[in-house]
Amino acid sequence: MYKLILITLFLAGTLAGQTLSVASPGNILQVTFTLEDGAPSYQVLRFGREVIRPSRLGFMLKQAPHFDRGFSLVSSDKKSVDETWIQPWGEKKDIRNHYRELRVDLAGSGKPARKMTLVFRVFDDGVGFRYEIPEQPGLNHFEIMDELSEFSFTGDHTAWWIPAYQWNRYEYLYSRTPLSAIDTVHTPLTLETANGLHLSIHEAALTDYASMTLARIDSFRLKADLVPWSDGVKVKTAAPMKTPWRTIQIADNPGDLITAYLILNLNEPNKLGDVSWVKPGKYVGIWWEMHLNTATWGSGEKHGATTENAKRYIDFAAKYGFDGVLVEGWNLGWDGDWIKNGDKFNFLTPYDDFDIKEVTRYAAEKGVRLIGHHETGGGIANYERQMGDAFAMYERLGVKAVKTGYVRHGREIERLDENGQVQLEWHHGQYMVRHYRKAVIEAAKHHIMIDAHEPIKDTGIRRTYPNMMTREGARGQEFNAWGENHGNPPEHTTILPFTRLLGGPMDFTPGIFDLLFEEARPDNRVNTTLTKQLALYVVLYSPLHMAADLPENYEARPEPFQFIRDVPTDWEDTRVLNASIGNYLTVVRKDRNSADWYLGSISDAEGRVLHAPLNFLAPGQTYLAEIYRDGPSGNWQDNPYDVEIVKMLVDNAATLTLRLAAGGGQAIRFTPATEADLERYGSATE
Ligand code: NOJ
């Protein structure tokens, strides 16, 4: 009987088609490629168990419908790679790129024969695959009408997602539902199986292609749904071409999704050469007051971007050691409905009350830099006309970083077509993917770093263009000032690191100290304790972090402000100590420029007791731990300001008990103890 089954299986295997398999270096994951009746598909196994069931591959092209069947196997090739590369800046310095690759060359039987190559890279913690369409007769320029890649899951997993094709781009609260309840969603999409496996579906190296959303086509089956151009075409391209990588991260622990570097590894190495001019840092700016509506972007009595106000922020930045001062609303174009009048922005001319030369001169004198701002309002033609000159002007003025903005509703980005007619595009279609890249490359020519708001999602291109520092691309702090339903609920930041930030850094703009701002915006508030605002600097990775509140609110609370002054934004290493999506997260990071470690721990609306073993600290070294924690009566709702600051000596054998209030957090700086510390704090640990 046993033999019979084996024979039947063997026959089924051969009759069903040709299969090729490749396993990850540690033999944890395996990808199987199958060509059945000329149709390609793939499957992913972990320890021999299915994680992705056989799933379709291919395209519908305008010039060749059904680029998904009639193929035969021409050749295949395997290779192994194990290399370590250094990030010029980042959340971790040394990145190991360790995978096995399978390339499969396919050809059709028609004349001319269609050619397509599939490349699979299998890491121990995930899989990337991409299509290559080589040069071939009869397929020069072509249009992709649909990408057929599917992700067929094994059950009704729990899913964390935001909807695609909505007016507010990526700025939605995450929903947690069964997989079977989703419609069409953005990536990264995070899933948890009934067996406790954690998955993230995303893409890497999104270049000159449409971004991939995921549409549910069957109970547990998702399909790539490429964001179309206004004429319905998904991608306009020419052979030879390569698609972005489709990525599947797989981990036991949700924290391991955060410390996986597959997305970066699938991007091309640095193309900019010497990037010593790219520098992580912290900034303050004329920003929050506009969101509180106590100042305006546009001209008039309440205009925020005045020379005088900018100097006030520069003085503050210089006094407390910040690198940059962002000034929004400095240039002509903000008067009237700026969200609709993207064509009116002038990126070269300041308002009369903002003397940009004087401001940049004053900043330089104080050792601080102006951070530039280009809000485009989605008027892309207008911006692209001025972009080169605008970056050149900033370069002349000593500006090293520019925040860009694309506030326009989804599918309302204005593109001028060949006939000078306005066509309306999505933020996430190929037209905008091209634009966002153009801006990064143009900025690099002027040695300028980019912080993009309303961006294209992050797919790891910071590896290739290290001046692409950070971006928004989710509901950030600003929603607490004016968002409906009183802003972001406490759990929001316990979901972001497991979803949006799996793509890359986020300019969340933490650090609000006046959490209630009852006079300015009585219906809103920040729904955290003050300590949680500190912890966000460590938990939410960004190479450029803002101290988002007003100078006076920091000066009113100098003790907790010290943590924001101390915390770095460039790390040698990152580890996750405890993680539960939507509940809590503890992250520790080692400063790249000192021996210091930092810990950030946050909770949702529940109070938590978490344990932090300090075995990441250097052995044999005593550290001073400066602990910023929620006080005994602290909680986000009634008493968000109850902060306790405690100093104690610790070493790597200690385990700290972290008590996080409801909606609270904890932030710790560990520095090698000095003689004076040893004397002052003795050897007592808590
Ligand atoms: C939305 C951005 O997220 C915000 O930071 C900025 O202040 C406004 N747009 C204006 O550009």
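Both counts, for ligands and for their atoms, begin at 1 and track the order of listing.
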Should the pair Tyr554 and Phe316 be assigned to parallel (<30°), tilted (30 to 60°) or perpendicular (>60°) ring geometry? parallel
Quick look: Phe479 vs ligand 1, heavy-atom contacts under 4.0 Å, and the answer is neither
among protein heavy atoms, the one nearest atom 11 (O) of ligand 1 is Glu375 OE1, 2.6 Å
For ligand 1, indicate whether the residue Trp288 contacts it via side chain, backbone, both or neither (heavy-atom separation under 4.0 Å). neither
Ring geometry between His374 and Tyr383 (parallel below 30°, tilted from 30 to 60°, perpendicular above 60°): perpendicular
Taking 4.0 angstrom as the limit and counting only heavy atoms of His373, give me the atoms of ligand 1 inside it, by number and element. 11 (O)
So is Met290 close enough to ligand 1, meaning a heavy atom under 4.0 angstrom away? no
Is Glu472 in polar range of ligand 1, meaning some N or O pair under 3.5 Å apart? yes
So which heavy atom in the protein is nearest atom 5 (O) of ligand 1, and how far is it from that ligand atom? Lys403 NZ, 2.6 Å
Could you tell me how the ring of Phe322 sits relative to the ring of Phe561: parallel (under 30°), tilted (30 to 60°) or perpendicular (over 60°)? parallel
In the protein, which heavy atom is nearest to atom 1 (C) of ligand 1, and how far is it? Glu454 OE2, 3.0 Å
Given the side-chain rings of Tyr406 and His435, with only the six-membered ring counted for Trp, is the space between their centroids under 6.0 Å? yes
As an exercise, identify every atom of ligand 1 less than 4.0 angstrom from a heavy atom of Trp334. 10 (C), 11 (O)
Just checking, Arg500 and Phe508: is the charged tip under 6.0 Å from the six-membered ring centre and within 45° of the axis? no
shortest atom 6 (C) of ligand 1-to-protein heavy-atom contact is with Glu328 OE1, 3.3 Å
Heavy atom of the protein closest to atom 4 (C) of ligand 1 (residue, atom name, distance): Glu478 OE1, 3.1 Å
side-chain hydrogen bond (donor to acceptor under 3.5 Å, both in side chains), that's the test. Do Asn309 and Thr306 meet it? Break it down for me. CA-CA 5 Å; Asn309 201 20; Thr306 64; 5.0 Å; no
For atom 9 (N) of ligand 1, what is the nearest protein heavy atom, given as residue, atom name and distance? Val407 CG2, 3.2 Å
Gap separating the NE2 atom of His428 from the OH atom of Tyr170, nearest 0.5 angstrom: 4.0 Å
So is Tyr406 close enough to ligand 1, meaning a heavy atom under 4.0 angstrom away? no
Do Trp288 and Phe517 have their ring centres less than 6.0 Å from each other? yes
Are Tyr394 and Trp330 an aromatic pair by the rule of ring centers under 6.0 Å? yes
Going by the atom numbers of ligand 1, which of them fall below 4.0 Å from some non-hydrogen atom of Trp338? 10 (C)
